[in-house]
Amino acid sequence: MTNSNNKGLFGKLLAYVEKSGNALPQPVTLFFIFILIVLAASFIAGISGFSAVHPATGEKISAVNLLSKDGIQRILTDMIDVFVEFPPLGLVLVVMLGIGVADYSGLIRAMLKAFVSGVPKQLITVSLVLAGMMSSLAADAGYVVLIPLGAVIFYGIGRHPIAGLAAAFAGVSGGFSANLVLTSLDPLLAGFTQSAAQLENIDYIVDPTANWYLMAAMVPVFALAGTLVTEKIVIKHLGEYDRSQADVDENDSKPLVRREKIGLIGAFASTIVLLGLFAWMTIPENGILRDINNENTFRPFFDAIVVLMLILFFVPGLVYGLIVKSIKGEKDVSDMMTKSMEGMGAYIVLAFVAAQFVAYFNWSNLGIIVAIKGAGFLQSIDFTGIPLMLSFIIIASIINIFIGSASAKWAIMAPVFVPMFMLMGYSPELTQAAYRMGDSYSNILTPLLPYFPLIIIFAQKYDKNIGIGTIISTMIPYSIAFAISSMIMLMIWMYFEIPLGPGAPLYYIP
C-alpha cells in the first residue's frame, strides 16, 4: 500500500485513484465483467445500427451483435484459438523458458549483484528508464525482462520494489516511441503514412527514418523526466516498504565469490559470441536473417527476435550454471525451465480472460467505430499550427485507451489525418510524429494494454494486495510528465522548424 501520510493535493489525488481502483474486483473478475459489458454494448449497438464510414475504403462499418446466433457461435468455436493466438502469451512463455535457466542457475542474481555494486545508486533509476526505452529494439521483450528486473534491483538495494517496476514500465511502455536507433516500428508506421500521403500526392515517399531525429532527442528528455518522477513523486507516494510482504527469495548481501565471478565472465563471453553470431546472420546482404526481396530486408530478424532472446538467456545461463555447478546435468536444465513455467500459472489464467475480451471488443467493431468518430470530431475542429498538433496528440492518446495496437490505430487514423494535414500545409512525417507521441504516454494507464495483467502479476510478488488502482495511480505522474515533455518537444521542433529526420520536413507545399 502507499503512504497515507502524503497530504499534498497531488498525493491525495493519487491515493483516491488507488483506493478507487483497488476497490475494483480482482483482474480476472474485472476482465470477465468487461466481457459482459462488451457483449451488452455490442447487442445495443448492433440493433440500433451504430456505424461509421471507414475513411480509407469508404466502407460502412457497423457494430456487430455478439449475442446473435453467429456471434455466440463464433465465441464458442474460436475461444481456444483466441487464447492460443493471444500475442503476448507466446512471447512471454517462450522468453520465460530461457529466463528460467538464467534465473535458477543463479546468473540473473549474480548479474544483479554485479550491477548494484558497479553502478552508483543515484544512476540506477535513470539507467532503468533508459534501458526501458532502448528495449523496444527487442520488440516487446522489455515487458517480460526489464520490468520485473527493475523491481528486483530496487528490492535488492533496499528501496521500494514497485518504484523500480514503475520506472522500468515507464521507459518500456510510456517511452515506447523514443529510441536512439530505428526499430521495427519505424518502417511499419512509415508504410501506413506513405499510403495515406499518396491519397494526396501519388509520388510522396515516407522513409523509415522519418521521425528519427525527434525520437532520439526525446530519449534524454524522457530519461530525466522519468527519473525525477520516480525520485520526487512515486517513492514518496509509495512510502516505506514492508519486506515481509515479498514473495521472493531473500538473497543475502554477500559479495560474489571467485567461482561466481568466473561464471559471469563465461556467461559474458558466451553472450558476445551469440551477439556476433546474430550480427553475422543479419548484417551481410546474404545473411540468414535478411530478405533482400522484401521492402523491409530485416523483417526475418525482427520476426525471430523472440527466439533470439530465448537463446540469449538460455546459453549464458547454461554456461554460468555449468561453471558454478548449479547445473550438473540435463535434468537440472529441464527442472529450471519447468519451474519457470510453474510461476506463470496466474498469468496464463489472466491471459485467457484478457484474450477473450480483446477479441470480442475487436469483433464487435466498437473500437474501430469509436476511433473513426473520434478522428472525425477532431477533423471538424478548425485548429491550425501548434494547437492543431497538440490536439491531435491528445486525441491519439484517448483512442489509445480503446485500441492498444499502434499499427492498427494508425491504419485507421492515417487516411484521415495525413491527407487532411497535407492540404493544410503539414507534412506526413509531422503528423506521424504527433501520433507516435500520443500513442506512447497513455500506454501505461490503460488496462487494455495486453501486458497490463503481467505487470500486476509482477507487482503482486512484492505486495499481494496490489490491484489495477495501485498500478494506474503510480503511473499517472509518469504519463503526465511524458505528455508535457512530448508536447514541449514538438512545439520546439515546430517553432524552430527542425527536421524530424533525414530529409523529413515539417511542412508540405501542395
Side-chain angles (χ1 to χ4, degrees), residues 1 14-48 50 63-89 92 143 169 173 344-371 374 398-405 408 442-460 463-476 479:
M1 298 298 292
L14 296 181
Y16 175 77
V17 172
E18 176 183 0
K19 182 178 179 181
S20 301
N22 285 344
L24 296 171
Q26 289 297 308
V28 171
T29 306
L30 189 60
F31 274 108
F32 182 73
I33 293 173
F34 284 166
I35 288 174
L36 296 180
I37 292 174
V38 167
L39 293 176
S42 74
F43 173 77
I44 296 172
I47 63 175
S48 64
F50 187 52
V64 175
N65 177 12
L66 296 180
L67 294 180
S68 65
K69 175 183 176 181
D70 291 340
I72 294 175
Q73 186 179 92
R74 186 176 188 183
I75 289 172
L76 296 177
T77 58
D78 289 2
M79 185 173 291
I80 296 175
D81 289 340
V82 164
F83 172 55
V84 173
E85 296 171 5
F86 190 48
L89 182 65
V92 171
Y143 286 99
F169 187 24
S173 196
M344 298 305 297
Y347 172 70
I348 292 174
V349 174
L350 272 175
F352 175 80
V353 185
Q356 307 305 318
F357 166 69
V358 172
Y360 302 166
F361 195 66
N362 290 335
W363 294 348
S364 70
N365 284 340
L366 292 175
I368 295 177
I369 295 172
V370 169
I398 293 174
I399 294 176
N400 189 40
I401 300 296
F402 299 97
I403 303 178
S405 169
S442 56
N443 277 337
I444 50 182
L445 301 182
T446 171
L448 294 183
L449 180 74
Y451 292 97
F452 208 90
L454 185 64
I455 306 303
I456 295 175
I457 294 300
F458 289 148
Q460 288 178 342
D463 184 349
K464 61 182 176 59
N465 295 317
I466 280 181
I468 291 177
T470 303
I471 300 299
I472 292 180
S473 69
T474 301
M475 300 313 298
I476 283 177
S479 187

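In this view, Ser442 and Asn400 satisfy the side-chain hydrogen bond (donor to acceptor under 3.5 Å, both in side chains) rule, not counting sequence neighbours. Remark: Phe83 pairs with Phe352 by the ring-ring contact (aromatic ring centres under 6.0 Å, His included) rule, at least two apart or across chains. With sequence neighbours excluded, no residue forms a ring-ring contact (aromatic ring centres under 6.0 Å, His included) with Phe452. Scanning for ring-ring contact (aromatic ring centres under 6.0 Å, His included) contacts around Phe43 gives an empty result, with sequence neighbours left out. Residues forming a salt bridge (charged side-chain N to carboxylate O under 4.0 Å, His left out) with Asp81 (at least two apart in sequence, or on another chain): none.
Taking CG of Leu445 as the start and CD1 of Ile476 as the end, the distance is 6.0 Å to the nearest 0.5 Å. With rounding to the nearest 0.5 Å, the separation of CZ in Phe169 from OG1 in Thr474 is 10.5 Å.
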For residues 32-41, run the donor-acceptor check on the side chains, cut-off 3.5 Å, and write out each pair with its distance to 0.1 Å, sequence neighbours left out.
none

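Pairing each heavy atom of Ala45 with each of Leu366, the nearest pair is CB-CD2, 3.8 Å. A pairwise comparison of heavy atoms in Leu66 and Trp363 identifies CD2-CB, 3.9 Å as the closest pair. In plain terms, the two heavy atoms of Val82 and Ala359 that are nearest each other are CG1-CB, 3.6 Å. Residues Tyr143 and Phe458 approach most closely at O-CE1, 3.4 Å, considering heavy atoms. Here the closest non-hydrogen pair linking Ser479 and Ile444 is N-CD1, 3.7 Å. Asn365 approaches Ala63 most closely through the heavy-atom pair CB-CA, 4.4 Å.
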